[in-house]
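Report on the following structure.
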Protein chains: 2
Amino acid sequence: MKKAVTLNSVAVEAGVSRATASLVLRDSPLVSLETRDRVICAMDKLGYIYNRGAANLRGQKTGTIGLVLCDIGSPFYSQLMLGIDEVIVDANIVAILVNSAENPDRQLRQIRRLREHGVDGLILCPAAGSSDALLSEIERLHLPCVQVLRHVSQRNGNYVGPDYADGTSLAVTHLVRHGRRKIAFLGGRPVHSAARERLDGFRKTLKKHKLEHDLIIPTHLENLSDLGSFPELLASSTPPDAVVCYNDMLAQSVMGYLLARGKMPGRDFAVIGADDLPQSAVSFPTLTTIVTDPVGVGRNAARLLLDRIDNPTTSSTRILVSGQLMIRQSCGGQLP
Amino acid sequence: MKKAVTLNSVAVEAGVSRATASLVLRDSPLVSLETRDRVICAMDKLGYIYNRGAANLRGQKTGTIGLVLCDIGSPFYSQLMLGIDEVIVDANIVAILVNSAENPDRQLRQIRRLREHGVDGLILCPAAGSSDALLSEIERLHLPCVQVLRHVSQRNGNYVGPDYADGTSLAVTHLVRHGRRKIAFLGGRPVHSAARERLDGFRKTLKKHKLEHDLIIPTHLENLSDLGSFPELLASSTPPDAVVCYNDMLAQSVMGYLLARGKMPGRDFAVIGADDLPQSAVSFPTLTTIVTDPVGVGRNAARLLLDRIDNPTTSSTRILVSGQLMIRQSCGGQLP
DNA sequence: GCAATATATTGGAACTATTCAAAAACGGAC
DNA sequence: GTCCGTTTTTGAATAGTTCCAATATATTGC
């Protein structure tokens with residue numbers, strides 16, 4: 001193993017001091033053109049690689065942020081990362097990705113680990129069951145933090161997420177306008193803010209239309225074939241005529257279930273999903289869905305975090321990215 | 001901004017030298033129990049945070065690896081990350097994620113950036129169009145590297161990926177056994193090894209069964225509604241009776257297209273996908289698919305990389321993770 | 001009981017690659 | 001010779017690790 005090429009070896013090669021080489025590195029106007037050329041030449045010749053770790057020791061920024069997700073296996077999160085990446089790549093910042101796997105203990109360990117690595121800030125999708133002590137712990141570590149998709153506290157902390165309540169409300173209103181009267185909500189449990197807000201929007205909108213019946217069916221989201229009590233409900237004497245699903249994957253599963261039993265989604269029964277995954281536009285029937293724009297959420301979260309890193313403040317910002325309803329075949333209307 | 005708590009302040013608080021505190025930090029047996037307790041107490045009291053950056057300066061490992069993906073928005077890659085994470089989290093290693101976005105120039109810039117951050121190694125899914133100069137550049141940076149899913153050179157470099165050729169062959173053989181005679185391949189272009197290996201397996205297996213006809217239909221994979229010339233082919237006087245698709249997403253799109261035209265996949269026409277995404281088990285009809293086990297690929301890649309970091313060697317290892325055919329309704333057999 | 005030796009523990013200082021503030025060197029004009 | 005602006009260098013600072021030496025304590029031999 002040959003020894004590393006340091007800024008010092010570059011300086012020696014170019015016949016200047018280490019400090020001068022450092023100035024060249026950072027495009028300082030304080031060095032003469034002639035010297036700059038000589039130093040750059042030496043760098044090329046020796047194959048110098050900048051050591052950011054050493055620089056970080058002196059400076060205060062490391063140019064890294066931490067990304068704490070609770071299920072890196074989910075396609076929804078990859079869209080989120082796409083939005084984040086788009087913003088940070090221009091700012092010359094790099095993301096360290098860790099997985100809390102919905103486990104608050106592991107989440108805390110991973111956050112500490114990120115802190116040891118010196119990340120400048122955190123984008124955090126809190127694991128279900130996180131207490132709001134999490135935020136004070138993060139503050140104790142002096143880490144700027146933006147929560148995404150879920151939040152642990154109604155009041156404190158920065159947050160960027162879709163307007164779940166509004167989206168769900170749009171879906172229900174659309175169904176009511178098209179004559180559906182017995183609308184169920186399928187999927188999830190109110191274990192975190194994202195689920196609670198969906199349910200709030202659902203209940204509130206039903207109430208507004210004087211259609212109060214509590215057809216809320218919990219399922220295990222990690223298992224797509226789990227439709228909870230939906231099959232029994234459908235077979236009952238007073239079945240629902242529409243269902244709003246927690247997300248598109250579940251909605252596709254419901255459509256598969258209906259089709260396999262000879263029911264045509266959109267005619268016999270209305271189905272609405274959420275997230276607008278690409279496949280929802282090409283399935284049969286095509287799926288009506290609440291657009292939640294994960295890329296937009298990611299972009300906004302990254303921008304907010306970068307701002308908080310540059311301008312530390314204790315005040316909280318909350319951004320709700322508003323959605324819309326992408327109306328397709330699965331909720332009625334035009335069918336082939 | 002109060003000044004940071006360093007190992008030195010901890011040492012002062014505990015009444016020992018910095019060196020002793022460092023030994024406590026790393027569980028050295030050289031310190032007495034009594035001293036250890038005092039130091040740990042002081043750490044808790046001051047809220048000490050280990051600064052890995054400073055440690056990295058002297059040591060040679062940083063405990064980070066780089067993950068260079070070409071499309072972080074794709075669900076397939078999130079499964080890959082799941083497998084990687086599973087392995088590295090136990091090794092106390094953290095992954096920095098960057099996106100090449102299928103752009104070789106951007107890919108190189110990102111790799112250099114990772115190198116500046118001092119990553120110990122690289123897991124790389126090379127962007128389409130990468131030349132094999134990429135590998136020598138990475139070697140020049142003294143970065144151990146494992147390619148995943150695709151490789152830029154037939155001979156050199158470590159590689160872990162699914163056995164695409166074998167998987168495609170399994171699919172074709174199954175179709176032939178069930179009486180299909182005119183089998184098309186849908187999706188992609190031979191722009192990287194993963195696509196080429198699929199096509200090789202496809203052609204070779206057709207040849208084996210003396211069914212040589214070149215029904216290979218290129219599409220733009222990023223656009224699920226692009227089925228290339230498939231619609232025209234289907235409407236022609238001699239339509240195919242089966243199609244093997246590049247992946248499950250595309251296969252689902254094909255099934256949607258068929259259903260919308262009154263054709264039932266599995267009866268009138270056989271469809272096979274690849275990757276075994278969760279939704280393929282619950283769609284209507286359920287999708288027969290080539291299992292590529294991205295989690296397994298991730299696990300193997302991470303293990304190989306960790307080994308190469310600890311035992312640097314120039315020899316290349318290639319691991320093909322073998323797949324199987326998950327037989328469901330879309331290719332015939334039992335239908336409701 | 002004392003010196004010699006062994007062992008456990010701790011401290012000092014060098015080392016890592018960079019940044020930064022302050023000082024110095026240099027050249028030209030007056 | 002002094003003043004001034006530009007360019008360059010010096011040396012301290014950053015927060016750890018690690019080698020080597022020093023000290024304190026324990027054990028052994030005589």
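Just so it is clear, the model here is predicted, and its values are computed rather than measured. Quick note on labels: first sequence line is chain A, next is B, and so on, each numbered from 1.
For the pair B:Leu23 and B:Ala54, both in contact range of DNA chain D, the more 5′-proximal nearest nucleotide belongs to B:Ala54. Toward the 5' end of DNA chain C, the nearer of the two residues B:Arg18 and B:Val31, judged by each one's closest nucleotide, is B:Val31. Taking for each of B:Thr20 and A:Arg26 the nucleotide of DNA chain C with the nearest heavy atom, the 5'-most of the two is the partner of B:Thr20.
When the nucleotides C:dT19, D:dT17, C:dT10 are ranked by their closest atom to the side chain of B:Leu7, D:dT17 comes out on top. Side chain of A:Ala19, nearest nucleotide from D:dA15, D:dT8, D:dT10: D:dT10. Checking D:dT18, D:dT7, C:dT18 against the side-chain heavy atoms of A:Leu30 singles out D:dT7 as nearest. Listed candidates were C:dT18, D:dT8, D:dG16. Nearest to the side chain of A:Tyr50 is C:dT18. Of the candidate nucleotides D:dT18, C:dT9, D:dT9, C:dT9 has the atom lying nearest to any side-chain atom of B:Ser32.
B:Leu33 comes within 4.0 angstrom of nothing in the nucleic acid, heavy atoms only.
A salt bridge does not link B:Arg308 with B:Glu139: every distance from a Lys NZ or Arg NE/NH1/NH2 to an Asp or Glu carboxylate oxygen is 4.0 Å or more. At a threshold of 4.0 Å, the pair A:Glu116-A:Arg113 does not count as salt-bridged, since none of the basic side-chain nitrogens sits closer than that to a carboxylate oxygen.
Side-chain N or O atoms of A:Arg299 include none that pairs as donor or acceptor with a backbone N or O of A:Asp85 at under 3.5 Å.
Phosphate proximity of C:dA17 to A:Ser22: absent, as no side-chain N or O sits under 4.0 Å from OP1 or OP2. Not one side-chain nitrogen or oxygen of B:Thr6 sits closer than 4.0 Å to the OP1 or OP2 atom of D:dA15.
The interatomic distance linking B:Asp27 (CG) with D:dT17 (C1') rounds to 15 Å, in whole Å. Residue A:Asn56 contributes atom CG, which lies 10 Å from atom P of C:dT19 at whole-angstrom precision.
Proximity of residues 109-119 of chain B to DNA chain C (heavy atom under 4.0 angstrom from any strand atom) is not detected for any residue.
Checked by distance alone, A:Arg58 brings a side-chain donor or acceptor within 3.5 Å of a matching partner on the base of C:dT19.
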